[in-house]
Amino acid sequence: MNRYLSPSDYHGRLADRIVPALRFPGGPVPPWQARLRRELRRLVGPFPAARVPLNPRRIWKREHPLGSIEKIVFTAEPFADVPAYVCMPRRGAPPYPFMICLQGHTTGMHTSIAVQREAETRPLAVDGDRDFALGCLRRGYAALCIEQRSFGERRERRQKQLSPHGCHDAAMHALLLGRTLLGERVFDVDRGIDYLLQRGDADPARIGVMGNSGGGTVTL
């Protein structure tokens, strides 16, 4: 009788025996980081060779007790537009330190500012400190909240999803095209940095990224 029929039998044994080539070996961190970054950059897949104009457009702007929030859309690459919130603190002065905020498997970027996705003037109760753009404003940081591909307003709506998980189909499509959904999301963040530098009120030496779950993966 055959005992090893499940793929996890084989993969589990490999996982138990493998020695990761890019594990941290101890000692100085910067040389290891340099090796890791090169390989990680290769694995997430190629970025577009050319950068198209961002063409940022304002959707609305509102005052907030902690400052102001503006909703914009910019173009990351052809046929890939990125909605985002630009959150400016009431205290402080330009150039501002900025945090790029990335939600994971929630209903979208609206969670970062604690409003409802379909009614952005209505408050939303947010657990686990996931309204982290508001946390930035309380501390005098500006925030750029990016809607990641396959989440929120960028969820698939043109064709039937074969998977119940929102990003699975897009991830498979990207792999078949020689790309990765992770790499595409990272590129959107890269273009978000382009947008911040284009604004002129961001401190280029103080731009950070943070996120939870899938947003944490992109943050890495």
Side-chain angles (χ1 to χ4, degrees), residues 7-55 74-84 98-106 108-109 132 143-152 154-156 161-163 165-198 202 204-220:
S8 58
D9 291 330
Y10 177 69
H11 292 153
R13 183 168 176 78
L14 284 182
D16 289 339
R17 297 166 64 91
I18 195 170
V19 177
L22 289 172
R23 70 195 185 283
F24 179 56
V29 173
W32 167 73
Q33 285 180 321
R35 294 194 303 273
L36 183 66
R37 284 173 177 150
R38 285 194 297 269
E39 182 63 5
L40 185 59
R41 177 67 184 81
R42 184 186 70 81
L43 289 173
V44 298
F47 282 1
R51 293 186 177 233
V52 300
L54 291 164
N55 189 28
F74 64 85
T75 298
E77 57 179 320
F79 306 103
D81 289 334
V82 183
F98 260 89
M99 291 300 297
I100 297 175
C101 300
L102 304 172
Q103 289 293 329
H105 284 79
T106 64
M109 67 175 184
F132 32 60
L144 177 68
C145 309
I146 287 178
E147 191 78 281
Q148 297 201 85
R149 303 190 195 211
S150 300
F151 292 159
R154 301 181 78 189
R155 65 195 184 277
E156 182 57 58
Q161 290 279 80
L162 299 180
S163 167
H165 305 292
C167 55
H168 184 269
D169 287 19
M172 296 301 101
H173 297 164
L175 288 174
L176 290 170
L177 293 166
R179 300 175 62 153
T180 67
L181 181 59
L182 173 60
E184 292 173 343
R185 289 172 171 170
V186 170
F187 184 69
D188 289 345
V189 173
D190 207 44
R191 298 307 324 266
I193 295 172
D194 288 343
Y195 166 73
L196 292 182
L197 298 180
Q198 182 175 298
R206 295 190 294 168
I207 296 175
V209 187
M210 66 178 177
N212 64 291
S213 189
T217 305
V218 175
T219 297
L220 172 67

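In what follows, every heavy atom counts, from backbone to side chain, and hydrogens, waters and symmetry copies are set aside. FYI, the numbering just counts along the sequence from 1.
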Colleague: Less than 4.5 Å apart, side chain to side chain, heavy atoms only: is that true for Gln148 and Val218?
Modeller: yes
Colleague: Residues in side-chain contact (heavy atoms from CB on, under 4.5 Å) with Pro31, at least two apart?
Modeller: Pro28, Arg35
Colleague: Not counting sequence neighbours, which residues clear side-chain contact (heavy atoms from CB on, under 4.5 Å) with Thr217? List them please.
Modeller: Leu182
Colleague: According to side-chain contact (heavy atoms from CB on, under 4.5 Å), who are the partners of Ser150, at least two apart in sequence or on a separate chain?
Modeller: Cys167, Ala170, Leu181, Arg185
Colleague: Looking at every non-hydrogen atom in both residues, tell me the closest pair between Arg23 and Pro20 and how far apart they are.
Modeller: NH1-O, 3.0 Å
Colleague: Can you find a pair of side-chain heavy atoms, one from Val44 and one from Phe187, that are under 4.5 Å apart?
Modeller: no
Colleague: Within a strict 4.5 Å, meaning less than it, do heavy atoms of the Leu175 and Thr180 side chains meet?
Modeller: yes
Colleague: Restricting to side-chain contact (heavy atoms from CB on, under 4.5 Å), what partner residues turn up for Gln161, sequence neighbours left out?
Modeller: Glu156, Asp169
Colleague: Check whether any side-chain heavy atom of Val52 sits under 4.5 Å from a side-chain heavy atom of Arg191, and report yes or no.
Modeller: yes
Colleague: Do you know the tightest heavy-atom contact between Gly104 and Ser213?
Modeller: CA-CB, 4.2 Å
Colleague: Using 30° and 60° as the class boundaries, would you call the ring planes of Phe74 and Tyr195 parallel, tilted or perpendicular?
Modeller: parallel
Colleague: State, yes or no, whether a side-chain contact exists between Leu177 and Glu184 at a heavy-atom distance under 4.5 Å.
Modeller: no
Colleague: Which pairs, with at least one residue in residues 7-31 and sequence neighbours excluded, count as a ring pair (Phe, Tyr, Trp, His ring centres under 6.0 Å)?
Modeller: Phe24-Trp32
Colleague: To check you understand the geometry: which heavy-atom pair defines the closest contact between Val82 and Ala76, and what is its length?
Modeller: CG2-CB, 3.8 Å
Colleague: From Asp188 CG over to Ile146 CD1, what is the distance, rounded to the nearest 0.5 angstrom?
Modeller: 6.5 Å
Colleague: Run the side-chain hydrogen bond (donor to acceptor under 3.5 Å, both in side chains) test against Arg206 and tell me which residues pass, sequence neighbours left out.
Modeller: Asp203
Colleague: Show the numbers, then the answer: is there a salt bridge (charged side-chain N to carboxylate O under 4.0 Å, His left out) between Asp16 and Arg13?
Modeller: CA-CA 5 Å; Asp16 289 339; Arg13 183 168 176 78; over 6 Å; no
Colleague: Is there side-chain contact between Gln103 and Asn212, with at least one heavy-atom pair below 4.5 Å?
Modeller: yes
Colleague: Considering all heavy atoms of both residues, which atom of Ala84 and which atom of Leu144 are nearest to each other, and what is their separation?
Modeller: CB-CD1, 3.8 Å
Colleague: For Gly211, is there any backbone N or O sitting under 3.5 Å from a side-chain donor or acceptor partner on Thr219?
Modeller: yes
Colleague: Verify, without hydrogens or angle tests, whether Arg41 (side chain) and Gly45 (backbone) share a donor-acceptor contact under 3.5 angstrom.
Modeller: yes
Colleague: When rounded to the nearest 0.5 angstrom, what distance separates CD in Glu147 from CG in Asp81?
Modeller: 12.5 Å
Colleague: If you count the non-hydrogen atoms of other residues, nucleotides and ligands that lie under 6.0 Å from CZ in Arg17, is the total more than 12?
Modeller: no
